[in-house]
Amino acid sequence: MLVAGTTSDAGKSVVTAGICRWLARKGLRVAPFKAQNMSLNSFVTRDGAEIGRAQAMQAAAAGVEPSALMNPVLLKPGGESTSQVVLLGRPVGELSARGYHLERRERLLGTVTECLTELRRTHDAVICEGAGSPTEINLRRGDLVNMGLARAASLPVLVVGDIDRGGVFASFFGTTALLAAEDQALLAGYLVNKFRGDLSLLEPGLRMLRSVTGRAFYGVLPHRRGLGIDEEDGLGLSLREHAREASTAPPYGREVLRVSVLRVPLMSNFTDVDALAAEPGVVLRFADRPEELADADLVVVPGTRGTVGALRRLRERGLDRELARRAAQGRPVLGICGGYQLLGEHIEDEVESRAGSVAGLGLLPVRVRFHREKTLARPVGTALGARVEGYEIHHGVAEVLGGQPLFEDFSGQPLDGCRVGPVRGTHWHGSLENDDYRRALLREVAAESGRSFAPAPDTDFGRLREEQLDRLGDLIEEHADTAALLRLIEDGPPKGLPFLPPGAPE
C-alpha cells in the first residue's frame, strides 16, 4: 500500500510508522519503503548504507533491521537548487533539481521497483510512503515516489489529509480530480489526520465527500502531541511540538540545565539532541543569535550539509565571538559532525563547498580535509566509563593535533573526536542516545556550568522511543478502519472506482 498526502507534513511518515507497528503487533513481517526521500536527517545501516532517518524509525516500528532497500534514493540538499544523490545507500553525485527531474528519475524507476519487489518477496506487507503530494502534475512524467510508483507496482493508495491546517475536504477532492484516469483508479480513499473536537460535526462532510468521489474514508485520527518521528523532508527545519523543544519533566536535581542548539544552515541530523530533550530538567531550544546563548549551560553546534557556509553564517551573526568567549570562560560547547569540523583550526574543502582553504573557529586543535569518498560507519567505543555506539556520515576527515580524544576503543586507543577543556567535538551521531554516556556527559556539563543539576538515573531513551512507536500503533488500531486497511493491503485497489473530472492528461 502507498500512503500519500494532500501536502507535505500531512502526516505520511507518522501514519506509515503507525501502520507498520500495528501490523507488526499482529505478527506480520512488515517493511517500510520510500522510493525517494529528500532529507538532511539520515542514518547508517549495519552494512554501511545511508538512508533517511524516517525509514530507519519506520523499520524500528516494524521490528525489522533497516536496509537500503527501504529508501533506494535519498536526496540531500546542498542549497536551494542542488542535492547530493544517494543511490542504494551510496552517494553517486550532485545534481541540480532540473537535471534530476528531467534526466535521472526516469532511469531510476527500474531500481526503485526492483527494491520494492525484493521487499515484497521477503515480507508479508510493505507500507510505502509518498513524498509531498501525489498531484505534482508538473513532475508527474518522471515520478517514482507517488503515483508513478503506485502505477508501476499496482499499489492501492491511501491519501492522508491534515485537517488541523484547514481545507481538508477540498484537498481530498482536488487531489483526486487532478490525477489522470489510470492514477485515479488506484486511489482507494482517504484518512483524516490531526482532528480536534466532536467527530459528529465532521460526519456530514465525510458522507458528502464519499458520495461525490465514490471513495471510502479509512479513519479519523485525533490530534496528539509528541507523536512526530524523524521525518524531516527538504531544506527547512520546522520546530514541531516534540520533546526536543521543551523539558518533559521537572528536574531530578535542584536546577534545570539549559541547552541551546545553534540553527546552522542546512542543519542535518538535528535529531541528535532528542535524547537531551528527553532528560527531565533539560530545557532545550534552538538559537541563532549571540544573546540567546548567554544563559545556556551547554551550546550544541549540530551537523550541517554545508560546513563552510555554516561557518560563514556564525561569523556574520557574531556567534563565532560568543563561542570563543564561552570557551575562554570554561563554559561547555559540543560540536557534532559538521559542528565539530567548524570548531577546528583549519578546513580544506574542494568537495562540499569548493571553497579551498578556510580558517575554522580555532577552538579545537583539529585540521579537516574533505574527501570525495564519504565516511559511512557504525562505530563502537567507550567514553566517560560507558560503552558508546554511534554512526558516522561525513566527507570531512579530521586530523587531531592535540587535546584528548572523546571516544576510545576498548584498549584505550583514540577512536574519534577531540576535547580541550569545556569544548568537545565528535563525528559520531547518535552518541547521546547511549544512556550511561549521556548521563555522565551531563554531570560533567553541570559541574562545568556550576549548576545543581543531576540527570535522572532511570531515563531510558530506547524505551521512550519504543513507547512513542507504540502510541503510533495505538493511534491506527483505535481510530482507523483496520479491517478495511487489511483488505486494501491484501486485495489491492478496489474495482470500479469512479473517475472525477477533469483529471490530468497522460
Side-chain angles (χ1 to χ4, degrees), residues 1-23 30 32-37 52 54-55 57-58 61 125-136 143 145-147 149-150 155-179 183-184 186-196 199 202 205-206 209-210 213 215-224 227-234 238 240 469 471-482 484-486 488-489 493-494 497:
M1 180 174 69
L2 174 69
V3 178
T6 55
T7 62
S8 294
D9 203 29
K12 298 183 295 291
S13 297
V14 165
V15 169
T16 300
I19 293 175
C20 285
R21 176 51 62 106
W22 160 63
L23 290 174
V30 59
F33 181 76
K34 186 161 186 174
Q36 172 196 295
N37 193 6
Q55 282 61 64
M57 286 298 296
Q58 289 162 353
V126 182
I127 309 303
C128 308
E129 179 189 344
S133 162
T135 318
E136 306 287 357
D143 174 50
V145 65
N146 290 309
M147 302 312 298
L149 176 70
L155 300 176
V157 179
L158 175 70
V159 177
V160 179
D162 178 0
I163 196 170
D164 196 46
R165 62 173 64 182
V168 73
F169 293 123
S171 297
F172 283 142
F173 184 90
T175 295
T176 309
L178 279 177
L179 294 177
D183 290 344
Q184 286 194 29
L186 302 173
L187 200 162
Y190 317 108
L191 183 74
V192 175
N193 191 28
K194 303 181 187 177
F195 178 70
R196 308 171 192 251
L199 186 57
L202 189 65
L206 302 181
L209 198 63
R210 276 194 294 263
T213 66
R215 285 159 174 84
F217 274 90
Y218 287 80
V220 177
L221 307 184
H223 190 282
R224 293 284 188 270
L227 287 183
I229 64 170
D230 306 339
E231 59 174 314
E232 183 61 38
D233 290 341
S238 174
R240 301 176 176 89
L469 294 173
R471 289 196 296 273
L472 295 179
D474 294 342
L475 197 69
I476 297 298
E477 191 166 349
E478 295 169 8
H479 299 282
D481 187 342
T482 53
L485 286 176
L486 275 177
L488 201 59
I489 293 168
L497 292 169

Taking side chain to side chain contact (heavy atoms under 4.5 Å, CB included) as the definition, give me every residue that meets it alongside [X], ordered by chain and number, with sequence neighbours left out.
X      : answer
Thr482 : Trp22, Ile476
Ala484 : Tyr218, Asp481, Arg487
Asp474 : Arg25, Glu478

For the residue pair [X] and [Y], establish whether any side-chain heavy-atom pair is separated by less than 4.5 Å.
X      : Y      : answer
Val160 : Val14  : no
Val168 : Thr6   : no
Gln58  : Lys34  : no
Val145 : Asn37  : no
His479 : Pro222 : yes
Val220 : Ile163 : no
Met147 : Thr135 : no
Cys128 : Leu155 : yes

Mind checking the [atom1]-[atom2] spacing from [X] to [Y]? Nearest 0.5 Å is all I need.
X      : Y      : atom1 : atom2 : value
Gln55  : Thr16  : CD    : OG1   : 8.5 Å
Leu221 : Leu475 : CG    : CG    : 4.5 Å
Met1   : Leu486 : CE    : CG    : 9.5 Å
Leu178 : Asp183 : CG    : CG    : 11.5 Å
Thr213 : Leu187 : OG1   : CG    : 8.5 Å
Arg196 : Arg224 : CZ    : CZ    : 11.0 Å

Query raised in the report: With Cys20, which of Ile127, Val15, Val126 fulfils side-chain contact (heavy atoms from CB on, under 4.5 Å)?
Result: Ile127

For [X] against [Y], the heavy-atom pair lying closest together:
X      : Y      : result
Ala480 : Leu485 : CB-CD1, 4.0 Å
Leu2   : Ala150 : CD2-CB, 4.0 Å
Ala17  : Leu472 : CB-CD1, 3.8 Å
Gly132 : Ser8   : CA-OG, 3.5 Å
Gly5   : Val159 : C-CG1, 4.2 Å
Thr175 : Pro134 : CG2-CG, 3.7 Å

Tell me every residue that passes side chain to side chain donor-acceptor pair (under 3.5 Å) with [X], counting only those two or more places apart in sequence or in another chain.
X      : value
Glu136 : none
Asn146 : none
Thr7   : Arg165

**Report entry** Side-chain (Asn193) to main-chain (Ala10) donor-acceptor, under 3.5 angstrom
**Finding:** yes

Query raised in the report: Does the Lys12 side chain pair with the main chain of Ser133, one donor and one acceptor, at a distance under 3.5 Å?
Result: no

Query raised in the report: Does the side-chain hydrogen bond (donor to acceptor under 3.5 Å, both in side chains) test come out yes or no for Gln184 and Thr176, once each step is laid out?
Result: CA-CA 6 Å; Gln184 286 194 29; Thr176 309; over 6 Å; no

Report task. For Phe217, check ring pair (Phe, Tyr, Trp, His ring centres under 6.0 Å) against everything at least two apart and list the hits. Result -> Phe172, Tyr190

